[in-house]
A.B. asks: 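Once you've had a glance at the structure underneath, I'll fire off some questions.
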Amino acid sequence: MEMCTSITLQSKEGNMYWSRTLDETFEETVEVKMFPKNYPIQGKEETFTSKFSFMGVGVSFSNALADGINEEGLVGGLLVLKESSWAARDEILAEGKKPMYGEEIVTWILSQCGTVDEIEEAIKEIILVDEDYVEGAHFPLHYCFTDRNQEHVVLQPTEKGRFKVYRNAIGILTNSPEYHFHISNLRNYMHLSGYDRNEPNEIRGEIVKQIGSGSGLLGLPGDYTSPSRFVKAAYLSEFVDKPSDSEAIMTLYRVARSVAIAPGWEKIDETGESDRNIYWSGYDQNERAIYIQPARTNTFSKVTLDPSKTTPTSYEVSYSPSIFESAERVPNAHTIEIEREKFGKDISNKVFN
């Protein structure tokens, strides 16, 4: 699991939307898992009681979530960070701190915290334990969360299992290197713009004009390394037209498609095994809803958090392709004339205004 990207957008109405691509070399069928408040959540070695109802994307055999949202609108997830670290259990206990598996951090935070401020306080008592979560699997992870106050935070356990906390984060996260590198690296792309360079240059008497359109983004990284995906996600999400609430999820999805990995683009060895997109998830923070699309289908599954639930509930994610079988369109002459007039007015306004 290597090539994940998280992106946030704000709507015209001021609501926040959070999304992530999950890209890895192995594929597991996922489901949406919902947990009630005041419920004992069973972890690998201990049980913790949820303060809030929450839901997120996981697998049937574990309560560990890759991403999710709770009833307070706190939303976030985990991504890979090779610089992550851990500490021995005895060392953690001797320090009076709580040992925790990195794979369970998202579930724990969503069950215990309602805001980024609360996360910052709670995480001070946690140190990641240097033990496999499942046999032979010890994932190096970091985390990002966004709350209803539009506060973003990045948590990176790079200090022997202890967390560096980046407040006032920009709402974008990929993988290694550490967050501060990615922010500094944005300075290498200050020439990027959401506007075409319409002013021509004169070079030795030759007037040089832009080729077509899109010159404002000339030099945007096209590869899928983590630094390049961070730059691409940051600038494209900044320049995209601010959507309305009704448009936000699909706008977020379109931006995310620019960093999703197709099978074969990132082969890791001669066997042909490849990092690839497994699913995309998008969260409506205002409605407490998740939209999830596995890469094998163009179908979106939607689940809305139900705080009235009193027992854990799992929801199936559709893997069935959904293609619209187009019917013959037979517009009448009146409809054609209306469409022609509208097109003419739109063109006229653009050309003359």
Side-chain angles (χ1 to χ4, degrees), residues 1-2 4 6 22 24 28 33 35-70 72 74-145 147 153-167 169 173 175-176 178-179 312:
M1 185 165 59
E2 176 72 27
C4 301
S6 173
L22 190 140
E24 58 186 27
E28 187 69 56
K33 303 170 77 74
F35 299 90
K37 66 190 305 181
N38 301 319
Y39 190 85
I41 309 295
Q42 180 61 55
K44 177 178 170 64
E45 290 195 352
E46 73 169 295
T47 300
F48 47 90
T49 300
S50 59
K51 295 180 181 178
F52 305 102
S53 60
F54 65 100
M55 68 174 178
V57 182
V59 291
S60 60
F61 52 84
S62 173
N63 287 332
L65 300 180
D67 47 87
I69 189 168
N70 69 16
E72 294 296 301
L74 181 69
V75 59
L78 57 80
L79 299 86
V80 165
L81 180 73
K82 292 298 180 64
E83 293 84 354
S84 293
S85 61
W86 304 266
R89 183 177 293 271
D90 290 346
E91 176 186 342
I92 298 171
L93 295 175
E95 194 175 318
K97 303 292 185 180
K98 181 182 181 67
M100 182 164 286
Y101 293 95
E103 292 83 355
E104 294 180 348
I105 288 290
V106 172
T107 300
W108 182 76
I109 284 179
L110 292 176
S111 72
Q112 303 298 310
C113 302
T115 65
V116 165
D117 284 340
E118 291 177 13
I119 292 175
E120 187 172 16
E121 285 304 308
I123 210 71
K124 293 176 182 177
E125 303 304 314
I126 297 299
I127 300 176
L128 297 192
V129 63
D130 190 9
E131 298 171 5
D132 286 350
Y133 187 65
V134 294
E135 185 177 356
H138 201 172
F139 295 109
L141 302 169
H142 62 160
Y143 315 86
C144 58
F145 292 90
D147 68 16
V153 67
V154 170
L155 310 172
Q156 298 195 318
T158 54
E159 307 294 308
K160 295 183 179 179
R162 298 152 183 85
F163 289 86
K164 282 185 180 177
V165 178
Y166 295 92
R167 292 296 302 266
L173 193 61
N175 311 110
S176 301
E178 295 177 48
Y179 182 73

A.B. asks: Please report the shortest heavy-atom distance between Leu78 and Leu65, naming the atom on each side.
C.D. replies: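 So the two residues come closest at CD2-O, 3.5 Å.
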
A.B. asks: Are the side chains of Lys160 and Trp86 in touch, meaning some heavy atoms are under 4.5 Å apart?
C.D. replies: no

A.B. asks: How many angstroms lie between atom CD of Glu104 and atom OG of Ser62, to the nearest 0.5 angstrom?
C.D. replies: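 Rounded to the nearest 0.5 Å, the CD-OG separation comes out at 6.5 Å.
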
A.B. asks: Identify the residue among Ser84, Pro157, Ser85 that makes a side-chain contact (heavy atoms from CB on, under 4.5 Å) with Leu128.
C.D. replies: Pro157

A.B. asks: Do Glu83 and Thr158 have a side chain donor and acceptor closer than 3.5 Å?
C.D. replies: no

A.B. asks: Let me confirm one number: the CD1-OH distance from Ile109 to Tyr143, rounded to the nearest 0.5 Å.
C.D. replies: 8.0 Å

A.B. asks: For Val116, is there any backbone N or O sitting under 3.5 Å from a side-chain donor or acceptor partner on Asp147?
C.D. replies: yes

A.B. asks: Do Phe48 and Thr107 have side-chain heavy atoms sitting under 4.5 Å apart?
C.D. replies: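 Yes, side chains in contact.
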
A.B. asks: Apply the side-chain contact (heavy atoms from CB on, under 4.5 Å) test between Cys113 and each candidate in Lys51, Glu118, Glu72, Glu121; give the one that qualifies.
C.D. replies: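 In the set Lys51, Glu118, Glu72, Glu121, the residue that makes a side-chain contact (heavy atoms from CB on, under 4.5 Å) with Cys113 is Glu118.
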
A.B. asks: Does the side chain of Val129 come within less than 4.5 Å of Tyr101's, by heavy atoms?
C.D. replies: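 Touching, per the 4.5 Å side-chain cut-off.
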
A.B. asks: Less than 4.5 Å apart, side chain to side chain, heavy atoms only: is that true for Leu155 and His142?
C.D. replies: no

A.B. asks: Would Phe54 and Lys33 count as a side-chain contact (heavy atoms from CB on, under 4.5 Å) here? Give the steps.
C.D. replies: CA-CA 8 Å; Phe54 65 100; Lys33 303 170 77 74; over 6 Å; no

A.B. asks: Rounded at 0.5 Å granularity, tell me how far CG in Asn175 sits from OG in Ser6.
C.D. replies: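 Going from the CG atom of Asn175 to the OG atom of Ser6 covers 11.0 Å.
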
A.B. asks: In Å, rounded to the nearest 0.5 Å, how long is the span from CD of Glu120 to CZ of Phe163?
C.D. replies: 13.0 Å

A.B. asks: Under a 4.0 Å N-O cut-off, is there an ion pair linking Arg89 with Glu95?
C.D. replies: no

A.B. asks: Assess whether a salt bridge exists between Arg167 and Asp117, defined as any Lys/Arg side-chain N lying under 4.0 Å from an Asp/Glu carboxylate O.
C.D. replies: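 The answer is yes: the pair qualifies as a salt bridge.
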
A.B. asks: Can you tell me how far CD1 of Ile126 sits from CD of Gln112, rounded to the nearest 0.5 angstrom?
C.D. replies: 9.0 Å

A.B. asks: Are Phe145 and Leu74 close enough that some pair of their side-chain heavy atoms sits under 4.5 Å apart?
C.D. replies: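 They are in contact (side-chain heavy atoms under 4.5 Å apart), so the answer is yes.
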
A.B. asks: Would you check if there is a donor-acceptor pair between the side chains of Gln156 and Tyr179 at a distance under 3.5 Å?
C.D. replies: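 Their side chains do not contain a donor-acceptor pair, so the 3.5 Å distance test is not met.
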
A.B. asks: First locate atom CE of Met100, then atom CD of Glu46, and finally report the distance between them rounded to the nearest 0.5 Å.
C.D. replies: 6.0 Å

A.B. asks: Any side-chain heavy atom of Phe35 within less than 4.5 Å of one from Ser50?
C.D. replies: no

A.B. asks: Using a 4.5 Å cut-off on heavy atoms from C-beta on, say whether the side chain of Lys98 contacts that of Ile127.
C.D. replies: no

A.B. asks: Test Cys144 against every option in Val153, Leu79, Val75, Asp67 by the side-chain contact (heavy atoms from CB on, under 4.5 Å) rule and name the one that passes.
C.D. replies: Leu79

A.B. asks: Can you check side-chain contact (heavy atoms from CB on, under 4.5 Å) on Trp108 and Val106, steps first, answer last?
C.D. replies: CA-CA 5 Å; Trp108 182 76; Val106 172; over 6 Å; no

A.B. asks: How about Tyr133 and Lys44: do any of their side-chain heavy atoms sit closer than 4.5 Å?
C.D. replies: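 Yes. Closest side-chain heavy atoms under 4.5 Å.
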
A.B. asks: If I compare all heavy atoms of Val59 with all of Glu28, which pair ends up nearest, and what's the gap?
C.D. replies: CG1-CG, 3.4 Å

A.B. asks: Would you find a donor on one side and an acceptor on the other, under 3.5 Å apart, between the side chain of Ser176 and the backbone of Lys82?
C.D. replies: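 Judged by distance alone, yes, a pair lies under 3.5 Å.
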
A.B. asks: Less than 4.0 angstrom from a charged side-chain N to a carboxylate O is my criterion; do Glu178 and Lys164 meet it?
C.D. replies: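 Counted as a salt bridge, because a side-chain N and a carboxylate O are separated by less than 4.0 Å.
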
A.B. asks: Specify the closest pair of heavy atoms between Pro99 and Leu93, including all atoms of both residues, with the distance to one decimal.
C.D. replies: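 Residues Pro99 and Leu93, closest heavy atoms: CD-CD2, 3.9 Å.
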
A.B. asks: Do the side chain of Asn70 and the main chain of Phe52 share a donor and acceptor less than 3.5 angstrom apart?
C.D. replies: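 Such a contact is absent between Asn70 side chain and Phe52 backbone.
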
A.B. asks: Ignoring hydrogens and angles, tell me if any N or O in the side chain of Asn63 forms a donor-acceptor pair with the backbone of Gln42 under 3.5 Å.
C.D. replies: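 Confirmed, Asn63 side chain pairs with Gln42 backbone.
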
